[in-house]
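Before any comments, here is the structure.
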Amino acid sequence: CQDLGHPSSQTKVGDLGPSDRGIAVDINRTVEVSSLAINALIDFKNTLTVKIREVNGATLGPVLHSASATVSAGPLDFREVPIEFTFHEGLRYDISFNITGGWGDLYDDQLEYYQFDNPNLIPASGFDVGSFKILDGRGKSYNNIELPHIRACLAKPCPTTWDLYLSTE
């Protein structure tokens, strides 16, 4: 799995309100995922939903694909949602998560997040993680400083330099 967290920022844990929480990404090379996860503390057994949307500039587009999974109550940990989706090189997407009824109040469900702010989704201000360029985090909009801690599990592992070398012999 590829950890889509900020490479040098410290994480925080807190209540981020009831709305979907997501990240905007540009895709550096086409990649297929088999699951997406968010690092969350879940107070009660619940349904976790992930949505993948198209993004035009900094404007959310339609939902392209979504999936849900039942998650158990428990401490801060990555909560996986199986989803098969191909992110295409050169396109921009929003990957967001929510639970039934919203993320709750301060003492209920909480998310791990990084402080990062790039509300205009300027690619030069983002950071690369494998096939993904992370642009910013989103609540109701990208105009916030919270970047949720998300990871993507690839359906097909990316070839290593060694794999490419062996395939040419």
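All of these numbers come straight from a predicted model, not from anything done at the bench.
Residues Gln2 and Gly130 come closest through the heavy atom pair NE2-CA, 3.5 Å. When every heavy atom of Ala58 is checked against every heavy atom of Pro119, the shortest pair comes out as CB-O, 4.1 Å. Heavy-atom minimum distance, Gly137 versus Pro148: CA-CD, 4.0 Å. Counting all heavy atoms, side chain and backbone alike, Ser34 lies closest to Leu154 at OG-O, 3.9 Å. Shortest non-hydrogen contact noted between Gly139 and Ser19 is C-OG, 3.8 Å.
Rounded to the nearest 0.5 Å, atoms CZ (Arg29) and OG (Ser131) are 3.5 Å apart. In this structure, CG on Asn120 lies 11.0 Å from CG on Leu135, to the nearest 0.5 angstrom. Here the straight-line distance linking atom SG of Cys153 with atom CD1 of Ile83 works out to 12.5 Å at 0.5 Å rounding. Taken to the nearest 0.5 Å, the OG atom of Ser96 stands 8.0 Å off from the CG atom of Leu60. A distance of 9.0 Å separates CG of Asp26 from CG of Leu91, quoted to the nearest 0.5 Å.
Just one of Leu36, Thr70, Ile42, Val81 meets the side chain to side chain contact (heavy atoms under 4.5 Å, CB included) condition when paired with Leu48; it is Val81.
Taking 4.5 Å as the limit, every side-chain heavy atom of Pro75 sits out of range of all side-chain heavy atoms of Leu41. Side chains of Glu146 and Gln115 form no contact here, defined as non-hydrogen atoms less than 4.5 Å apart. Residues Ile23 and Val25 form a side-chain contact, since some pair of their non-hydrogen atoms from C-beta on lies under 4.5 Å apart. Between Pro62 and Arg53 there is no side-chain heavy-atom pair separated by less than 4.5 Å. When side chains are defined from C-beta on, Ile38 counts as touching Leu111, because their heavy atoms get closer than 4.5 Å. Using a 4.5 Å heavy-atom cutoff, the side chains of Thr86 and Val31 are not in contact. Lys51 has its side chain out of reach of Phe97: every pair of non-hydrogen atoms, C-beta onward, lies at least 4.5 Å apart. When side chains are defined from C-beta on, Val129 does not count as touching Asp3, because their heavy atoms never get closer than 4.5 Å.
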Check against side-chain contact (heavy atoms from CB on, under 4.5 Å), Val33 and Glu84: CA-CA 6 Å; Val33 298; Glu84 292 183 10; over 6 Å; no
Go through the steps for Leu64 and Phe85 under the test side-chain contact (heavy atoms from CB on, under 4.5 Å), then give the verdict. CA-CA 9 Å; Leu64 302 172; Phe85 187 79; 4.2 Å; yes
Could you walk me through whether Ile99 and Thr47 pass the side-chain contact (heavy atoms from CB on, under 4.5 Å) test, one step at a time? CA-CA 5 Å; Ile99 56 175; Thr47 300; over 6 Å; no
Residues Val63, Glu54; criterion side-chain contact (heavy atoms from CB on, under 4.5 Å); working and verdict: CA-CA 7 Å; Val63 174; Glu54 181 181 336; over 6 Å; no
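In this structure, Val50 is a member of the same hydrophobic cluster as Leu147, with clusters built from ILVMFWY side-chain heavy atoms closer than 4.5 Å. No single ILVMFWY cluster, assembled from side-chain heavy atoms under 4.5 Å apart, contains both Leu121 and Ile95.
Within a 6.0 Å radius of CG in Asn143, other residues, nucleotides and ligands contribute 12 heavy atoms or fewer. Within a 6.0 Å sphere centred on CD of Glu32, heavy atoms belonging to other residues, nucleotides or ligands number more than 12.
At distances below 3.5 Å, not a single donor-acceptor pair connects side-chain atoms of Asp20 with backbone N or O atoms of Asn98. Formation of a donor-acceptor pair under 3.5 Å by the Asn46 side chain with backbone atoms of Thr100 is found in this model. For Thr30 (side chain) and Glu89 (main-chain N/O), a donor-acceptor pair under 3.5 Å exists by modelled atom type.
For residues 114-133, every residue pair satisfying the ring pair (Phe, Tyr, Trp, His ring centres under 6.0 Å) rule, not counting sequence neighbours, is listed here: His6-Phe116, His6-Phe127, Phe87-Phe132, Tyr114-His149, Phe116-Phe127. Applying the salt bridge (Lys or Arg N to Asp or Glu O under 4.0 Å) test to every pair with at least one member in residues 73-83, sequence neighbours left out, gives these pairs: Glu80-Arg151. Judged as a salt bridge (Lys or Arg N to Asp or Glu O under 4.0 Å), the pairs with a partner in residues 121-133 (not counting sequence neighbours) are, in order, Asp128-Lys133.
Grouped with Phe78 in a hydrophobic cluster is no other residue, since no side-chain heavy-atom contact under 4.5 Å to another Ile, Leu, Val, Met, Phe, Trp or Tyr is found. Grouped by direct or indirect side-chain proximity (heavy atoms under 4.5 Å, Ile/Leu/Val/Met/Phe/Trp/Tyr only), Phe44 sits alone.
Asp94 meets the side chain to side chain donor-acceptor pair (under 3.5 Å) test with Arg138, Tyr142; sequence neighbours excluded.
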